[in-house]
Number of protein chains: 2
Amino acid sequence: MGTTGQLSAVPEPKYWHLRTVLLRAIDSEFSTGQVLPNERELSARFGVARATLRQALDQLELEGRLVRRRGIGTLIAAPRVGVPVNRQEEGWPGTARNQAWRTVDCTTAPASAQLAKGLGIAEGATVHTVRRVRLVEGRAVASESLHVPAAALPHLPGFRAESDRARSVLRQLERLEVDGESRSVELGVAEAEQAALLERPPGAPVLVMTTQYASAGRLVALAVATYRADTCKLTFGEAGLVEVTPVGATAEVRTAS
Amino acid sequence: MGTTGQLSAVPEPKYWHLRTVLLRAIDSEFSTGQVLPNERELSARFGVARATLRQALDQLELEGRLVRRRGIGTLIAAPRVGVPVNRQEEGWPGTARNQAWRTVDCTTAPASAQLAKGLGIAEGATVHTVRRVRLVEGRAVASESLHVPAAALPHLPGFRAESDRARSVLRQLERLEVDGESRSVELGVAEAEQAALLERPPGAPVLVMTTQYASAGRLVALAVATYRADTCKLTFGEAGLVEVTPVGATAEVRTAS
DNA sequence: GAGTGGTCTAGACCACCGA
DNA sequence: CGGTGGTCTAGACCACTCT
């Protein structure tokens with residue numbers, strides 16, 4: 001005994017310790033938008049390899065505390081914006097005067113097996129798909145694919161320009177009196193296409209929200225929305241019982257011991 | 001011109017390309033629980049450094065497609081389980097015959113500034129905190145801190161054993177007729193303590209769900225729950241309009257082009 | 001002990017940004 | 001152009017698990 005004699009129960013990895021140190025520094029000594037020293041200097045200052053330092057920064061970026069911009073530097077991130085996902089706030093029926101969504105394109109095609117299952121229809125049935133981007137303060141925070149079976153929209157006018165068709169689909173949906181919805185949220189990463197729409201590199205973490213809309217007991221739409229996980233906090237429920245909860249996301253909520 | 005002459009618009013990083021290749025392989029050639037070849041062999045097979053291969057595996061793990069176990073290997077992950085977060089399903093009022101939650105401990109202490117703000121009470125006011133772990137099929141999927149101002153529980157009996165006090169707090173809350181809730185979900189990473197409860201290493205990605213419960217227009221509880229992002233998909237709303245939507249999390253929902 | 005994933009290093013080159 | 005973060009390499013050692 002004594003060869004590796006240590007009292008340290010589980011020697012914390014360097015990068016994790018570094019993360020903690022940096023997190024404290026961020027909380028106490030820096031403010032939003034401020035740039036950190038560059039990675040080469042930080043790694044030297046802490047006496048670790050650059051890769052190790054980067055591992056710590058990766059964590060903090062995942063937590064939404066840092067933003068790294070190629071060619072610029074590493075900045076302190078602004079607190080995440082709360083994005084309401086109520087049906088009303090979402091501006092979904094009510095497209096008219098809500099600038100929060102920008103339509104990208106609209107396609108009509110037979111449903112894939114996967115999509116058919118999600119919509120509860122037969123594979124190959126015709127489905128309209130509207131792709132939209134959600135904007136908050138001018139920045140893209142989410143991209144959504146809204147799938148609507150053609151069968152659910154009996155009165156859709158014939159051929160039109162793409163942008164017109166998108167509007168038609170949304171308006172028809174609005175008239176359908178959606179009376180129920182079922183949502184799920186999980187973690188994902190942005191594929192190339194999504195990433196481009198969200199102005200992020202491929203592989204960026206996203207919150208994938210899948211919503212089934214029902215009308216008169218039947219599914220009438222399936223929406224798959226990917227929200228930037230770095231900048232977004234999804235908010236549900238009766239809008240704002242009390243103002244946004246600023247309780248630390250990751251940091252534990254502690255009462256004095 | 002011609003010095004770096006390439007037609008490839010944006011040369012995809014190797015690790016991202018690798019991820020795509022591996023993802024296809026996972027989808028087509030492997031099934032849940034199966035183990036992949038080890039990292040050294042895979043990196044050799046693809047002709048990349050091990051670190052690069054690991055970067056690709058990191059992505060797939062974040063997407064919940066792989067599980068890596070030290071000393072064992074890299075396995076194909078089971079599909080994420082849908083975890084309902086309705087008030088009923090949550091077994092929150094209704095603690096009695098719901099085995100889904102296991103109480104860890106219960107403390108009573110003055111509220112920190114942060115916590116006070118989240119609860120809309122004065123800093124230093126007494127708050128009961130019940131920590132619980134949510135189990136699904138015997139596995140811990142979430143850990144929750146439920147904060148309840150003492151002022152909201154007028155009839156709480158005096159001193160008791162910790163486990164008894166936890167029960168009392170929950171039962172009192174149950175009688176309070178919660179009539180509203182406001183939730184938010186964001187991405188975080190597990191700190192040491194959470195990580196231990198969730199049987200995950202520190203830094204593991206989690207979905208942080210913050211819930212404010214109201215009764216008669218007043219906030220009566222604040223819950224901060226961290227769900228394992230690797231294995232969980234949070235499901236909201238009128239439980240199951242249709243069965244679970246198996247639409248790919250990250251994979252785009254595509255209609256034939 | 002043999003095999004696995006986890007951490008860490010020291011260095012290189014690239015892509016992007018601003019001056 | 002110089003400075004930044006992003007990618008990639010080849011190697012080392014550690015912690016863990018199973019046999």
Side-chain angles (χ1 to χ4, degrees), chain A residues 3-6 8-20 22 34-62 66-77 189-190 192 195 199-204 230, chain B residues 3-6 8-20 22 34-62 66-77 189-190 192 195 199-204 230:
Chain A
T3 57
T4 51
Q6 299 272 348
S8 66
V10 175
E12 203 176 38
K14 276 189 190 178
Y15 79 88
W16 185 256
H17 180 244
L18 246 185
R19 182 207 83 113
T20 308
L22 288 170
Q34 210 167 345
V35 309
L36 262 56
N38 71 56
E39 296 183 350
R40 288 162 180 88
E41 181 180 334
L42 280 177
S43 59
R45 188 183 300 181
F46 288 108
V48 299
R50 193 178 152 216
T52 304
L53 171 78
R54 280 182 61 79
Q55 223 177 330
L57 296 182
D58 286 344
Q59 289 282 344
L60 292 168
E61 195 177 23
L62 201 63
L66 294 180
V67 179
R68 293 195 274 188
R69 295 207 204 145
R70 164 140 49 174
I72 305 289
T74 302
L75 323 179
I76 309 297
V189 305
E199 302 166 357
R200 296 251 64 203
D230 57 343
Chain B
T3 58
T4 52
Q6 298 272 350
S8 65
V10 175
E12 205 177 34
K14 276 188 189 177
Y15 79 89
W16 185 255
H17 180 245
L18 246 185
R19 182 207 82 113
T20 308
L22 288 170
Q34 210 167 346
V35 310
L36 263 55
N38 72 55
E39 296 183 350
R40 288 160 180 87
E41 180 179 334
L42 279 178
S43 58
R45 186 183 302 181
F46 288 107
V48 299
R50 193 178 152 217
T52 304
L53 172 78
R54 279 182 60 79
Q55 223 177 330
L57 296 182
D58 286 343
Q59 289 282 342
L60 292 167
E61 196 178 22
L62 200 65
L66 294 179
V67 178
R68 292 193 273 187
R69 296 208 203 142
R70 178 160 14 194
I72 305 289
T74 302
L75 323 179
I76 309 296
V189 305
E199 302 165 358
R200 297 251 62 203
D230 57 343

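The figures here come from the full heavy-atom set of this structure, side chains too, leaving out hydrogens, waters and symmetry mates. Convention: sequence-line order gives letters A, B, ...; per-chain numbering from 1.
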If every non-hydrogen atom of B/A77 is compared with every non-hydrogen atom of B/V67, which pair is closest and at what distance? CB-CG2, 3.6 Å

Taking five pairs at each end of the helix from C/dG1-D/dC18 to C/dG18-D/dC1, what angle separates the two helix axes (nearest 10°)? 10°

Correct closest heavy-atom pair for A/A56 and A/R19 would be CB-N, 3.8 Å

To check you understand the geometry: which heavy-atom pair defines the closest contact between B/K14 and B/T52, and what is its length? CB-CG2, 4.2 Å

Does the pair B/L66 and B/L36 meet the rule for a side chain to side chain contact (heavy atoms under 4.5 Å, CB included), with working shown? CA-CA 9 Å; B/L66 294 179; B/L36 263 55; 4.2 Å; yes

Report, as a single string ordered 5' to 3', how protein heavy atoms within less than 4.0 Å touch nucleotides 3-9 of chain D: B base, S sugar-phosphate only, - not at all. BBBBBSB

Distance in Å, B/L42 CG paired with B/L18 CG, rounded so as to fall on 0.5 Å steps: 8.5 Å

Distance check, rounded to the nearest 0.5 Å: B/E61 atom CD versus B/Q59 atom CD? 11.0 Å

Rounded to the nearest 0.5 Å, how far does CG of A/D58 lie from CG of A/L53? 9.5 Å

To the nearest 0.5 Å, what is the distance between CD on B/E39 and CZ on B/R50? 4.5 Å

Distance, rounded to the nearest Å, where B/R200 contributes CZ and C/dG5 contributes C1': 13 Å

